[in-house]
Each structure stands twice: as structure tokens, then as C-alpha cells.
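The block underneath contains the structure these notes are about, expressed in C-alpha cells.
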Amino acid sequence: QVQLVESGGDLVQAGGTLRLSCAVSGIAFSRHYMAWYRQAPGKQRELVASASTKEVRNYVDSVKGRFIISRDNAKNTVYLQMNSLKPEDTAAYYCNARLEMSSFLIGREYWGQGTQVTVSS
């Protein structure tokens, strides 16, 4: 059974920091592309950050320089370090996994249940 379990969401003041974690089980973590998405009320889900199996990292422009994605293959966990948080970062954050082969993403996607991040002004 595949499980992605997020944690670390909280209510924080603007300018604060949070670290989200996503513990993964049931798949070969090191062979999966990992990503964080977020969805604010009334908005579409958007890709925030991703880390390939070769540690290539990408970020949406709005979080560049503030967020850092990292992965620990020994712990089957992906993290999202969130610094200098802004009210517009308020959203439910979701962990995503997809099998990566030769730089292509194949097969089904796996999702966690989400963790809420609320940034007050």
C-alpha cells in the first residue's frame, strides 16, 4: 500500500518559517520524482517545488529564494523548508510522487492527504 503522509503545517506569522515533511512508503522512493503542490481556496492546485531522482530542483517563481525542497532517500522523506512566509503562501500543501525513468515521468501519480499552512499578516 502506497502512503504519502505530510506533516508540519501550522499557523505562522508573516516572515516566519515552517518545514514540511512527507514520509513515503510502499514505493521505491529513490526512483520517484517528488514534488510539493499547494491549493488555496478557490484556486487551482499549483506546483510549488520539485526534486528529481538526480536532485534537479525546480521552483515556481513566487517561492524562489524562499523555499527549499530536499529529499532524503535513506529516510524515504521529502521536505519543504519555507522561509520568509507571506500571507499569499496560505494553502493546503500536498506531496506528490511519480516514477521517473530516464528523465521521463511515467505511471500513476501518488498524492498525500495534505497539510494546511496559514500565514497571518
Side-chain angles (χ1 to χ4, degrees):
Q1 182 182 1
V2 179
Q3 285 191 311
L4 282 69
V5 181
E6 300 99 334
S7 61
D10 205 346
L11 170 63
V12 63
Q13 288 191 330
T17 64
L18 282 175
R19 188 195 196 202
L20 305 184
S21 300
C22 174
V24 180
S25 59
I27 58 174
F29 181 82
S30 64
R31 296 175 60 198
H32 281 72
Y33 161 98
M34 298 300 303
W36 286 96
Y37 285 74
R38 68 185 177 187
Q39 188 167 20
K43 294 189 177 181
Q44 288 191 329
R45 189 172 294 193
E46 69 167 346
L47 176 62
V48 176
S50 64
S52 74
T53 58
K54 293 180 172 57
E55 299 280 4
V56 175
R57 304 174 189 179
N58 288 291
Y59 301 91
V60 68
D61 285 348
S62 60
V63 308
K64 285 181 180 177
R66 299 190 298 122
F67 290 10
I68 300 172
I69 186 171
S70 61
R71 56 188 298 160
D72 186 334
N73 289 344
K75 295 183 178 179
N76 289 357
T77 301
V78 61
Y79 305 96
L80 186 68
Q81 178 67 40
M82 309 165 69
N83 303 319
S84 302
L85 282 160
K86 303 176 180 180
E88 51 263 44
D89 295 318
T90 295
Y93 284 71
Y94 298 89
C95 182
N96 171 272
R98 198 164 180 196
L99 182 64
E100 182 180 342
M101 293 185 67
S102 302
S103 300
F104 289 94
L105 303 183
I106 62 173
R108 62 164 291 181
E109 292 183 272
Y110 300 99
W111 293 92
Q113 82 289 348
T115 186
Q116 179 65 36
V117 172
T118 303
V119 184
S120 64
S121 56

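- For the atom pair OH of Y59 and CG of L80, the computed distance is 8.0 Å after rounding to the nearest 0.5 Å.
- Salt bridge status for D89 with K86: absent, with no side-chain N to carboxylate O gap under 4.0 Å.
- Put simply, the side chain of T118 never gets that close to the backbone of T90: no donor and acceptor are under 3.5 Å apart.
- Taken from NE2 in H32 to CE in M101, the straight-line distance is 10.5 Å, to the nearest 0.5 Å.
- Rounding to the nearest 0.5 angstrom, the gap separating the CE atom in M34 from the OG atom in S70 is 11.0 Å.
- R38 places a side-chain heavy atom less than 4.5 Å from the side chain of E46.
- L11 and V117 are assigned to two separate hydrophobic clusters, defined by single-linkage of ILVMFWY side chains at heavy-atom distances under 4.5 Å.
- The line from OH of Y93 to CD of E6 is 12.5 Å long, rounded to the nearest 0.5 Å.
- Remark: E55 engages R57, R71 in a side-chain contact (heavy atoms from CB on, under 4.5 Å) (not counting sequence neighbours).
- Hydrophobic cluster membership is shared by L18 and V119, with clusters built from Ile, Leu, Val, Met, Phe, Trp and Tyr side chains linked at under 4.5 angstrom.
- In terms of heavy-atom proximity, A14 sits nearest to S121 at CB-CA, 4.3 Å.
- In this structure, CZ on R98 lies 12.5 Å from CD1 on I27, to the nearest 0.5 angstrom.
- By the rule that hydrophobic residues join a cluster once side-chain heavy atoms approach within less than 4.5 Å of another member, V63 and L20 end up as members of one cluster.
- Residue Y37 is not grouped with residue L4 when hydrophobic side chains (ILVMFWY) are merged at heavy-atom distances under 4.5 angstrom, including chains of intermediate members.
- A continuous path of ILVMFWY side-chain contacts below 4.5 Å connects I69 to F67, so both sit in one hydrophobic cluster.
- Of the residues listed (L47, V78, N96), the one engaging W36 in a side chain to side chain contact (heavy atoms under 4.5 Å, CB included) is V78, and it is the only one.
- To the nearest 0.5 Å, the span separating CD1 on I106 from CG on L99 amounts to 4.5 Å.
- Shown here for S84 and T17, the closest heavy-atom pair between the two residues is N-CG2, 4.5 Å.
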